[in-house]
Amino acid sequence: MAARPWIHLNNSSRSMMPMACAIESNEHRVLLPEKVRNSRVLILGGTGRVGGSTAIALSNLCPDLRIIVAGRNKDKGATRVAELGKNSEFAEVDIEDRASLEATLHDVDLVVHAAGPFQQAERCTVLEAAIQTKTAYVDVCDDTSYAFRAKSYMSKALAANIPAITTGGIYPGVSNVMAAELVRAARSESKGEPERLRFSYYTAGTGGAGPTILATSFLLLGEEVVAYSKGEKIKVKPYSGMRNIDFGKGIGKKDVYLLNLPEVRSAHEILGVPTVCARFGTAPFYWNWGMVAMTNLLPVEFLTDRSKVQKLVQLFDPVVRAVDGIAGERVSMRVDLECSDGRQTLALFSHRQLSVSVGTATSSFVIAILEGSTQPGVWFPEEPEGIATEAREALLKRAAKGTINFIMNKPPWMVETDPKELGLGIYL
């Protein structure tokens with residue numbers, strides 16, 4: 001097993017030791033430092049859409065890594081391994097079986113938890129096992145309760161001396177780093193203070209990500225939206241507060257709606273921005289209408305019951321897949337920052353295929369951890385201990401591979417917007 005470089009990267013040594021940097025070739029491959037080049041990376045949910053995409057991206061970017069695809073379906077695992085090639089293998093793992101999970105983790109250097117959905121999960125079983133086995137960790141969590149429960153393991157991760165990142169996917173994940181860079185630039189270049197941060201996301205259909213993203217969307221409809229207005233925590237009905245956002249070339253203007261996403265709270269608390277919210281929209285437009293109807297017609301008890309939601313997903317899945325074939329799977333993230341002196345900047349990320357870009361994004365966090373840019377503990381992507389400030393540019397460059405539009409820290413006129421007030425005088 002490859003030596004674990006993070007064992008030696010504690011808080012005191014970090015400031016005196018230069019961060020190990022990978023070398024990138026013209027073919028976009030990443031040559032990791034020699035001591036981590038052959039690391040074993042376990043991808044839980046590796047037979048699914050998000051985990052499989054991550055496995056493919058890592059295999060392409062870092063062909064010397066040993067990729068272990070983990071799941072419960074041997075046939076799907078064999079298919080994925082055949083696709084990845086000689087440096088991969090399959091491991092049959094049930095994340096609810098703690099003993100089996102820990103036994104598998106003893107033989108790996110880093111684990112990627114992509115076995116969602118994370119909504120309504122009662123425990124952070126994989127993180128617990130990672131800490132117990134001193135294995136570096138990153139997840140693609142998109143649930144507020146789960147993400148902050150993961151943060152509660154900070155002292156245990158510090159004691160085990162392992163780095164862990166929660167919400168390390170595309171959104172949240174790359175979007176958090178985009179926001180952190182906007183805020184950092186504003187504070188260094190502007191006399192004003194950041195006042196308002198808006199996350200806007202668009203995905204055509206399920207973005208090719210399959211049943212998991214469908215289940216996630218339905219489960220989020222059962223959660224009250226937490227947002228912040230002028231420092232005050234407010235709660236709003238899910239899939240309300242519609243805005244029409246211009247996502248620029250290749251995407252255009254799309255309707256997006258408020259959802260309860262973890263980057264709202266983490267950005268408010270970590271980046272110190274008083275007004276923060278997040279919105280999401282999909283296409284065709286009638287899917288948005290359907291989401292609004294579900295919010296209004298189905299009881300919360302139904303929408304927060306994982307087993308009932310899974311049955312609903314099975315019912316809708318054939319129809320959604322058929323529509324996906326027509327709608328495509330384009331994805332776009334727009335982050336807007338407004339400051340007290342009138343400064344307005346944005347970051348924009350658009351890709352033709354969510355099923356590809358989600359793996360590229362997640363693999364960027366894996367590479368950052370292997371390079372040593374993450375300190376021991378449990379961190380959000382926007383925390384400098386999670387992704388070091390000097391490592392953000394490289395992470396964003398890698399994550400943006402294949403994008404049709406990637407803009408950082410530019411004025412809003414580059415992508416026109418028409419902000420409107422959200423009722424009751426609350427401006428989000």
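These numbers come from a predicted model, not from an experiment.
- Atom CD1 in Ile170 sits 9.0 Å away from atom OG in Ser53 (nearest 0.5 Å).
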Would you list the atom pairs, donor with acceptor, under 3.5 Å between side chains in residues 285-294 and any protein atom, with sequence neighbours excluded?
unit_1 : atom_1 : unit_2 : atom_2 : d
Asn288 : OD1    : Tyr239 : OH     : 2.8
Asn288 : OD1    : Thr282 : N      : 3.1
Asn288 : ND2    : Thr282 : O      : 3.0

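- The side-chain tip of Arg279 does not point at the ring of Phe199 from less than 6.0 angstrom away and within 45° of straight on.
- Contacts of Asp64 classified as side-chain hydrogen bond (donor to acceptor under 3.5 Å, both in side chains), with partners at least two apart in sequence or in another chain: none.
- Classification of Arg343 and Glu189 as a salt-bridged pair holds, one side-chain N sitting under 4.0 Å from a carboxylate O.
- Shown here is Glu393, whose CD atom has no more than 12 heavy atoms of other residues, nucleotides or ligands within 6.0 Å.
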Could you pull out every donor-acceptor pair under 3.5 Å between side chains of residues 177-185 and any protein atom, sequence neighbours left out?
unit_1 : atom_1 : unit_2 : atom_2 : d
Glu181 : OE1    : Arg184 : NE     : 3.4
Glu181 : OE1    : Arg184 : NH2    : 3.2
Glu181 : OE2    : Arg184 : NE     : 2.9
Glu181 : OE2    : Arg392 : NH1    : 3.0

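- Note that CD1 of Ile387 is 6.5 Å distant from CD1 of Ile369, once rounded to the nearest 0.5 Å.
- In this structure, the salt bridge (Lys or Arg N to Asp or Glu O under 4.0 Å) partners of Arg98, at least two apart in sequence or on a different chain, are Glu102, Glu128.
- Every residue two or more places apart in sequence or in another chain was checked for a side-chain hydrogen bond (donor to acceptor under 3.5 Å, both in side chains) with Thr144, and none qualifies.
- Contacts of Tyr171 classified as ring pair (Phe, Tyr, Trp, His ring centres under 6.0 Å), with partners at least two apart in sequence or in another chain: Tyr201.
- Asp142 and Gln119 share a side-chain donor-acceptor pair at under 3.5 Å.
- Here the straight-line distance linking atom CD1 of Ile165 with atom SG of Cys141 works out to 13.0 Å at 0.5 Å rounding.
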